[in-house]
Amino acid sequence: MGHFFSSQFNELITKLNQLSKVPARESIIQLSVEAPALPLLSWLAAQTQFPKIYWHGRDRDEDVAAIGACKSFFFEDQVDDSVLAQIYQQQRNKTNQQDIRYYGGLAFDRTVESWPEFGRAHFVLPRIELRRTGNKLRILVNLNFENTDPQQEIQAALTAIEQINKPKPLSPPNKMTLMGRSDLPRYERWKELVEQVTQEKFNRTTPKVVLSRHTQIDVSDDIEPWTVLACWQGRNPNSFQFGFQFSPERAFISCSPERLYLRRQQELFTEALAGTTVRGLNPDEDNLLAQALLDDIKNSHENQLVRQHIVDVLTPLSQYLGADEQPKIFKLNHIQHLHRSIRAQLQPGVSDFELLRALHPTPAVGGLPREAALSFIRQREGYARGWYAGACGYFNRNESEFSVAIRSALIEPRRINLFAGAGIVAGSDPQAEWQELENKLATVLSILIDF
C-alpha cells in the first residue's frame with residue numbers, strides 16, 4: 001500500500017476493527033473517510049482487484065472509481081423486469097444509508113444472448129469506492145452482513161484494503177499497428193438492410209429502425225482500457241464516461257453523450273438525442289452546419305419522433321411533464337447532434353425499474369415503434385449488441401443516473417470491438433449513413449491507431 005493515503009486507510013482499518021466488536025445493526029454498512037483528490041483513472045488502472053468500475057456523469061464534477069464487490073447481481077440468461085424490480089426493492093430495504101450505490105448495466109436487448117461476464121444485467125455494490133467531487137475525495141468501504149459471517153466479511157474488507165496498489169501515472173497511449181479490421185454487417189449487407197427499412201410498405205408501420213455495426217479491430221498489442229478512456233474523456237469532456245471490467249479479459253468503456261435519465265427523488269430529467277451532422281473546420285462553418293441540421297427535415301423529424309415517444313411512455317408515470325419545443329445543438333469533438341431536454345415530476349412510488357422499462361431501449365438506439373424495430377434488429381442485424389446501446393449507471397435511493405452506452409468499445413486481448421449506429425428513416429441513404437458510422441468512430445480510432 002505504501003504511503004498513499006496511509007492515514008485514511010489506517011482510519012478505515014480502525015473503524016473496521018471497531019465494527020468487529022459490535023454486531024451490525026443493518027445488513028449493509030458503509031464506512032467513509034475524506035482524502036485529498038487524485039486522478040481516479042490512474043488509481044483504477046493500477047489496481048488488480050476485480051471488478052473495476054469507473055463512472056463520471058455528464059453534467060457534473062463528480063467521478064467514481066470502484067473495485068471489488070461485496071454484493072453482485074448477475075443475470076446471464078433472460079430475466080424478467082418485474083423480478084429485477086423486486087430484487088432491487090428488497091435490496092433497498094436492507095439499509096437506511098443514503099449513499100449506497102449499485103453500479104452496473106443492462107444489455108441492449110435482454111431477450112438474446114449477451115457477452116460473457118456482462119450478461120443480460122449485472123450490478124455491483126463495490127467493496128471500495130473513491131468518489132471525487134472537485135478537489136475532495138471520499139473513500140468508502142461497503143460491507144454486506146446478509147448471509148455472511150460478520151468476522152469474515154470484515155476480514156474480506158481488510159484484505160481488500162491491504163491489496164490496494166498505489167497509483168502510477170497512466171502510460172501515454174502508444175499507437176498500435178492495425179493488424180486487421182472487419183465490419184459486421186459489411187457494406188453490401190448494410191445497403192440491403194437500409195433499403196428494407198426505407199421501403200414504403202415497411203416504413204409506414206415502422207418509421208424508424210436504428211441499425212448498427214460492429215467493427216472488430218485487431219492490433220499488435222494489448223490495450224490498457226483506462227488509458228483509452230482517459231484520452232477519450234479528454235476529447236469529449238461533455239459526455240458521460242464510464243467503464244466496467246469484470247475480469248482481466250474484457251473491459252467495456254464508453255464516452256457517451258446520451259443520458260437515459262437522471263432521477264433526484266421524484267424529479268426526472270431525460271432527453272431526446274437524435275439527428276447528427278459533422279463539426280466544421282472553423283466557427284463559421286460549424287455554425288452553418290449546425291443551422292443546416294436544425295433546418296433539415298429528416299433530422300428534425302427524427303428528433304421529434306423520439307421526443308414524442310418519450311413523452312408517451314412517461315405520461316402514465318408522471319404528475320407533470322415538460323419538453324423543449326425546439327431542439328438545441330449538442331456539440332461533440334467530431335460531430336454535433338440535435339437535443340431536446342425533457343423533465344418530469346414522477347408519481348409517488350415510481351421505481352427505477354419502471355423508468356428503465358419505460359425508457360430503455362430509447363428510439364435513439366432501437367427505433368419506433370419499439371417492438372417492431374427491436375424484432376427487425378434481432379433478426380437481421382447479424383451480431384449480438386451485448387451492452388452496446390444498453391443502459392449503464394447506478395441505482396441509489398435518492399438519486400439514480402443512467403446513460404445510454406453508445407460511442408462505446410469492448411476491449412479484449414489484442415482486440416478492440418467498436419460499435420456505432422444510425423437512425424434509418426424514410427429517405428435515408430445507405431452510403432451517407434455508413435459514413436455517419438465512420439464519423440462516430442473517428443474520435444476513438446484516432447486515439448488507438450495512426451492512420
Side-chain angles (χ1 to χ4, degrees), residues 39-48 50-54 56 63 65 67 115-118 165 167-187 190 212-237 239-257 278-279 332-335 383-389 392 405-421 434-451:
L40 292 189
L41 279 168
S42 47
W43 181 82
L44 195 59
Q47 303 314 313
T48 48
F50 293 91
K52 299 183 358 178
I53 294 170
Y54 178 79
H56 175 252
D63 63 344
I67 55 170
W115 305 330
E117 299 153 41
F118 290 84
N165 299 328
K168 9 182 216 300
L170 284 173
S171 52
N174 49 343
K175 302 275 182 165
M176 320 231 187
T177 314
L178 179 67
M179 309 298 278
R181 165 174 171 169
S182 62
D183 290 311
L184 241 184
R186 292 209 303 276
Y187 180 70
W190 171 264
S212 74
R213 182 186 76 190
H214 168 206
T215 299
Q216 181 182 305
I217 293 185
D218 291 302
V219 287
S220 49
D221 209 350
D222 284 346
I223 302 159
E224 169 52 70
W226 309 109
T227 302
V228 178
L229 188 55
C231 297
W232 206 352
Q233 181 175 49
R235 300 189 192 193
N236 277 335
S239 289
F240 289 88
Q241 295 111 22
F242 50 89
F244 291 89
Q245 187 173 17
F246 295 109
S247 78
E249 280 71 57
R250 279 182 202 87
F252 179 60
I253 60 172
S254 172
C255 194
S256 169
V278 289
R279 295 293 307 264
L332 292 159
N333 199 286
H334 282 95
I335 49 183
Y383 79 96
R385 287 189 184 188
W387 278 27
Y388 160 63
C392 291
I406 53 175
R407 299 316 116 74
S408 55
L410 176 68
I411 297 177
E412 297 177 296
R414 296 195 174 191
R415 169 175 293 168
I416 183 157
N417 302 279
L418 300 173
F419 307 92
W434 184 263
Q435 185 52 50
E436 184 177 307
L437 303 180
E438 292 301 305
N439 298 342
K440 286 172 173 172
L441 295 188
T443 305
V444 70
L445 274 178
S446 67
I447 293 169
L448 292 164
I449 291 162
D450 257 333
F451 287 108

**Q.** Point-to-point distance, once rounded to the nearest 0.5 Å, from CE of M179 to CG of D221
**A.** 10.0 Å
Q. Rounded to the nearest 0.5 Å, what separation is found between the CD1 atom of I53 and the CG atom of L44?
A. 9.0 Å
Q) What are the two closest non-hydrogen atoms of L40 and A65, and how far apart are they? A) CD1-N, 3.7 Å
(Q) If the condition is side chain to side chain contact (heavy atoms under 4.5 Å, CB included), which residues does D183 pass it with, not counting sequence neighbours? (A) R181, R213, T215, W434
Q) So which heavy atom on A46 is nearest to which on P167, and how close? A) CB-CA, 3.9 Å
Q: Compare all side-chain heavy atoms of I416 with those of L448 and state whether any distance is below 4.5 angstrom.
A: yes
Q. How would you list, by chain and number, every residue that makes a side chain to side chain contact (heavy atoms under 4.5 Å, CB included) with S42, sequence neighbours excluded?
A. P39, L170
Q) Partners of S220 by side-chain hydrogen bond (donor to acceptor under 3.5 Å, both in side chains), sequence neighbours excluded? A) none
Q: Return the minimal non-hydrogen interatomic distance between F246 and P51, and the atom names on each side.
A: CD2-CB, 3.7 Å
Q. Got a donor-acceptor contact below 3.5 angstrom from the Q47 side chain to the N165 backbone?
A. yes
Q | Sub-4.5 Å side-chain heavy-atom contact between L184 and Q216 | A | no
Q. Distance-only, no hydrogens or angles: does the K52 side chain make a donor-acceptor pair with backbone N or O of Q245 under 3.5 Å?
A. no
Q | For R414, side chain to side chain contact (heavy atoms under 4.5 Å, CB included) partners two or more places apart | A | D222
Q. Mind checking whether P257 and S239 have side chains closer than 4.5 Å, heavy atoms only?
A. yes
Q.
If I take atom CZ from residue F242 and atom NE2 from residue H56, how far apart are they, to the nearest 0.5 angstrom?
A. 12.5 Å
Q | side-chain hydrogen bond (donor to acceptor under 3.5 Å, both in side chains) assessment of S212 paired with R385 | A | CA-CA 9 Å; S212 74; R385 287 189 184 188; 3.3 Å; yes
**Q.** Taking every non-hydrogen atom, the tightest pair across C392 and F252
**A.** SG-CE2, 4.1 Å
Q. Does any N or O in the side chain of N236 come within less than 3.5 Å of the main-chain N or O of N333, such that one atom is a donor and the other an acceptor?
A. yes
Q) Does anything in residues 225-235 pair up under salt bridge (charged side-chain N to carboxylate O under 4.0 Å, His left out), and if so which pairs, sequence neighbours excluded? A) none
(Q) Any heavy-atom pair between the side chains of F50 and E117 that's under 4.5 Å? (A) no
**Q.** Closest non-hydrogen atom pair between A420 and L441, with its separation
**A.** CB-CD2, 4.0 Å
Q: Decide yes or no for L410 and Y388: does some side-chain heavy atom of the first lie under 4.5 Å from some side-chain heavy atom of the second?
A: no
(Q) Minimum heavy-atom separation for V219 and R415, please, with both atom names. (A) CG2-N, 4.3 Å
(Q) I want to check something: taking the side chain as every heavy atom from C-beta on, are C255 and V444 in contact at a cut-off of under 4.5 Å? (A) no
Q | W387: side-chain hydrogen bond (donor to acceptor under 3.5 Å, both in side chains) partners, not counting sequence neighbours | A | none
Q. Who pairs with H214 by ring pair (Phe, Tyr, Trp, His ring centres under 6.0 Å), at least two apart in sequence or on another chain?
A. Y383, F419
Q. Nearest 0.5 Å, what's the CH2-CH2 distance between W43 and W226?
A. 11.0 Å
Q | Spacing of L418 atom CG and L437 atom CG [to the nearest 0.5 Å] | A | 11.5 Å
(Q) List the residues meeting side-chain hydrogen bond (donor to acceptor under 3.5 Å, both in side chains) with E436, not counting sequence neighbours, and say none if there are none. (A) K440
Q | Atom pair CD (E412) and CZ (R250), whose distance is rounded to the nearest 0.5 Å | A | 5.0 Å
Q | Non-neighbouring partners of Q435 that pass side-chain hydrogen bond (donor to acceptor under 3.5 Å, both in side chains), sequence neighbours left out | A | N439
Q: Report yes if some heavy atom in the side chain of Q241 is under 4.5 Å from a heavy atom in the side chain of L41; otherwise report no.
A: no
